[in-house]
Number of protein chains: 2
Amino acid sequence: MNEKTTIYDIAKALNVTAATVSRALNNNPKISAATRKLVMETAAKMNYKQNKLALALKSGKSNNVGVVVPYIDRNFFSAIIRGIEEELYPLGYHVIICQTHEQESAEIDNINALLNAQVDGILMSVSKLSTQTSHFEHVLNKNVPLVFFDRKKDVKGVSTVTIDDYQAGYNATKHLIEQGCSKIAHLSGDWALEIYKNRYKGYKQALLDNGITFNKDYVIKTKSDIKAGHKSVEKLMTLETPPDAIFSSSDYVALGAIQQLKKMGVKIPDDFCVIGFSNEPFTKFMELSMSTVDQLPVEMGKMSAKVFLEQVKESNVKIEKKVVLAPNLKIRATSTKK
Amino acid sequence: MNEKTTIYDIAKALNVTAATVSRALNNNPKISAATRKLVMETAAKMNYKQNKLALALKSGKSNNVGVVVPYIDRNFFSAIIRGIEEELYPLGYHVIICQTHEQESAEIDNINALLNAQVDGILMSVSKLSTQTSHFEHVLNKNVPLVFFDRKKDVKGVSTVTIDDYQAGYNATKHLIEQGCSKIAHLSGDWALEIYKNRYKGYKQALLDNGITFNKDYVIKTKSDIKAGHKSVEKLMTLETPPDAIFSSSDYVALGAIQQLKKMGVKIPDDFCVIGFSNEPFTKFMELSMSTVDQLPVEMGKMSAKVFLEQVKESNVKIEKKVVLAPNLKIRATSTKK
DNA sequence: TTGTAGGCGTTATCAC
DNA sequence: GTGATAACGCCTACAA
């Protein structure tokens with residue numbers, strides 16, 4: 001009734017051998033209906049639960065995947081994890097989560113631990129401070145599928161799932177131009193991460209395509225927090241020709257920018273438009289709801305899971321898939337002039 | 001260099017036996033410094049990684065814990081998971097996450113899967129629609145530690161970590177009274193969950209202790225979304241004597257309430273105060289920042305992890321610990337009259 | 001249809 | 001100090 005029951009316990013109780021019990025439990029055809037029924041019943045009665053660990057050791061498949069993100073309580077990441085979990089759980093996989101706190105050392109540590117735990121795959125977003133790639137190659141050497149989502153590094157053999165950040169930057173900027181803005185600033189992040197560089201590129205191209213001269217004073221690389229938004233606006237507004245719009249690579253920075261602009265008495269959206277990035281939940285709930293770019297994190301998670309599954313299925317061939325999802329511009333109050 | 005290396009491979013390369021390798025790797029004292037060094041070096045060279053699965057099977061400890069929550073992308077839960085992960089990772093544990101979507105069937109399913117996976121413990125918040133308790137008893141029967149955080153059920157042998165919801169309700173209500181409100185409504189949740197009942201009890205007691213008559217028309221049980229806030233306010237404001245404040249058991253409901261009140265032209269906080277529950281990130285970023293009750297989810301996660309660890313350490317004695325954390329009232333603009 | 005035996009990768013208990 | 005062997009719980013040829 002109690003404690004851990006094994007197939008041997010069932011076998012003993014029924015005066016058969018463990019092999020028979022195993023077969024009955026696994027619906028092996030070569031077994032009499034009678035014994036199967038008997039085994040099933042006693043298994044249930046003894047509250048038998050299959051030890052997946054033993055199975056994993058035998059089969060070499062743990063049915064666990066590791067997910068590594070900077071912080072799991074960042075909505076973007078937790079939404080991705082949600083997507084991964086919902087895609088993989090029905091197939092019998094479990095999701096093990098790890099946090100890097102944006103530290104490369106933790107990233108390496110996590111990956112090693114996951115490899116030790118014999119995960120069947122690793123899905124991750126690389127940490128901001130990550131520079132090496134050898135730990136990724138370790139994963140590949142062990143023939144463990146590796147998938148990068150959102151933040152990627154260029155590593156041969158790794159599949160990636162991202163949104164089209166270039167397009168997102170382009171669309172956001174174009175939208176601001178269509179609202180009548182012409183002096184558009186861009187608050188960016190560390191260009192060591194492709195996502196930020198690509199958003200910037202899209203921004204720049206949109207300007208050029210619309211006959212607006214690119215002004216490098218309008219581009220500020222900064223951290224991703226509210227305070228960075230305050231400071232950036234302070235700096236921008238002291239320029240000889242201050243901007244009339246901001247496209248920010250981060251919702252938090254955009255929020256800070258809006259706060260500072262309000263403080264300075266700038267009227268949003270009439271005199272100044274703002275658009276952020278990520279569609280953090282709070283953007284929708286601001287009195288002036290914030291325009292932003294939705295990265296469809298749940299979808300991204302599901303897609304990452306699917307790419308992993310393909311890789312598992314085709315374990316013989318090395319596939320390196322690059323999935324690029326379309327971003328979704330959410331036009332809200334902070335960039336809608338009447 | 002590549003593929004999975006076992007201690008046998010190392011043994012073969014060194015012309016020793018696997019036992020020796022194992023000992024060297026585990027810093028067993030009865031081994032010569034020379035062989036140890038040799039083993040260590042070749043292990044590194046061959047990129048050996050210990051197979052935790054085999055270790056787990058042998059030792060009966062998987063070093064995995066399961067965490068079961070309704071949705072992992074709800075900030076409250078992801079913050080708890082963050083706390084759990086941060087407390088447990090340094091000790092070599094991995095966190096496996098599961099979502100119930102508030103369905104009891106999924107909860108049962110998740111628990112069984114985790115039991116099959118031989119987790120060393122299960123930390124969870126019970127789903128709203130959960131009525132049975134037999135699946136919890138199953139866990140206990142297997143001698144797997146079970147810890148409930150936040151939402152608990154009364155099950156013998158299960159430790160719990162919660163905040164003092166009664167106190168939280170009391171404090172929030174008292175605060176509203178101190179702001180000069182006297183007709184205080186309460187938007188509650190399903191009383192099948194203790195947390196909601198306790199918040200209500202605290203609310204009621206605070207009224208009584210301050211000489212305010214309890215009015216049952218001011219209490220509405222409702223779902224936890226924005227729309228529920230809209231509807232509740234509509235209903236409340238048609239009462240003969242409409243309230244002048246709301247204590248809501250949910251930030252989302254409180255947000256809906258505020259939106260509806262604004263729409264009706266009610267001035268917050270001067271004519272009407274509102275306080276929510278959970279300290280969701282968005283509450284801080286509203287133009288009128290929302291007062292709320294912080295449940296210290298990261299702390300709650302860490303504490304849950306600690307309780308689990310104690311249980312593991314004292315596996316011989318059955319401990320049933322009840323930890324109650326103090327809530328933290330966040331007084332912000334929506335309840336601060338000038 | 002069922003039993004026997006070996007192995008997945010480790011560690012622990014004996015020996016030597 | 002090191003080697004041989006059994007055991008963790010399960011599955012699966014191969015035999016019977």
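Chain A is the first sequence line, chain B the second, and so forth, proteins listed ahead of strands; every chain is numbered from 1.
Nearest to the side-chain atoms of B:Ala19 among the listed nucleotides D:dT2, D:dA4, C:dT2 stands D:dA4. Nearest nucleotide to the side chain of A:Val16, out of D:dT2, C:dG3, D:dG9: C:dG3. Checked against D:dG1, D:dC10, D:dG3, the side chain of B:Thr20 finds its nearest nucleotide in D:dG3. Of the candidates D:dC10, D:dT2, C:dT4, the closest approach to any side-chain atom of B:Arg23 belongs to D:dT2. Of all nucleotides listed (D:dC11, C:dT4, C:dT10), C:dT4 comes nearest to the side chain of A:Thr17. For A:Lys30, taking side-chain heavy atoms from C-beta onward, the closest of the listed nucleotides C:dT1, C:dT10, D:dC11 is C:dT1. Nearest nucleotide to the B:Lys58 side chain, out of D:dC11, C:dT2, D:dA7: D:dA7.
Rounded to a whole Å, the CG atom of A:Asn15 is 9 Å from the P atom of C:dG3. Rounded to whole Å, atom P of D:dC10 lies 13 Å from atom NZ of A:Lys49. D:dC11 atom P lies 5 Å from atom CG of A:Asn26, rounded to whole Å. Note: CG (B:Leu25) to P (C:dA12) measures 13 Å, nearest angstrom. In this entry the distance linking CG of A:Asn51 with P of D:dC11 reads 10 Å, nearest Å. The distance between atom CD of B:Gln50 and atom P of C:dG9, rounded to the nearest whole Å, is 13 Å. Here the P atom of nucleotide C:dG9 and the CG atom of A:Asn116 are 14 Å apart, to the nearest Å. To the nearest angstrom, P of C:dA5 lies 16 Å from CD1 of A:Ile7.
Residue contacts shown for A:Ser59 are absent, as no nucleic acid heavy atom lies under 4.0 Å away. Residue contacts shown for B:Leu55 are limited to sugar-phosphate atoms, with no base heavy atom under 4.0 Å away. The residue B:Ser22 sits close to a base: some heavy atom pair falls under 4.0 Å.
Proximity of A:Phe148 to A:Lys322: side-chain heavy atoms (C-beta onward) are nowhere separated by under 4.5 Å. For the pair A:Val147/A:Met124, no side-chain contact is recorded, criterion being any heavy-atom separation below 4.5 Å from C-beta on. Under the 4.5 Å side-chain criterion, counting only non-hydrogen atoms from C-beta, A:Asn63 is not in contact with A:His94.
Judged purely by distance below 3.5 Å, without hydrogens or angles, the side chains of A:Asn110 and B:Tyr89 pair a donor atom with an acceptor atom. One side chain, A:His101 or B:Glu86, offers a donor N or O that lies under 3.5 Å from an acceptor on the other. For the residue pair B:Gln50 / B:Lys52, a side-chain donor-acceptor distance below 3.5 Å is found, with atom types taken as modelled.
The residue among B:Thr35 and B:Leu57 whose nearest nucleotide of DNA chain D lies closer to the 5′ end is B:Thr35.
A close approach under 4.0 Å does not occur between any side-chain nitrogen or oxygen of A:Gln118 and OP1 or OP2 of C:dG9. Contact check, B:Tyr8 against D:dG3: no side-chain N or O comes under 4.0 Å of OP1 or OP2.
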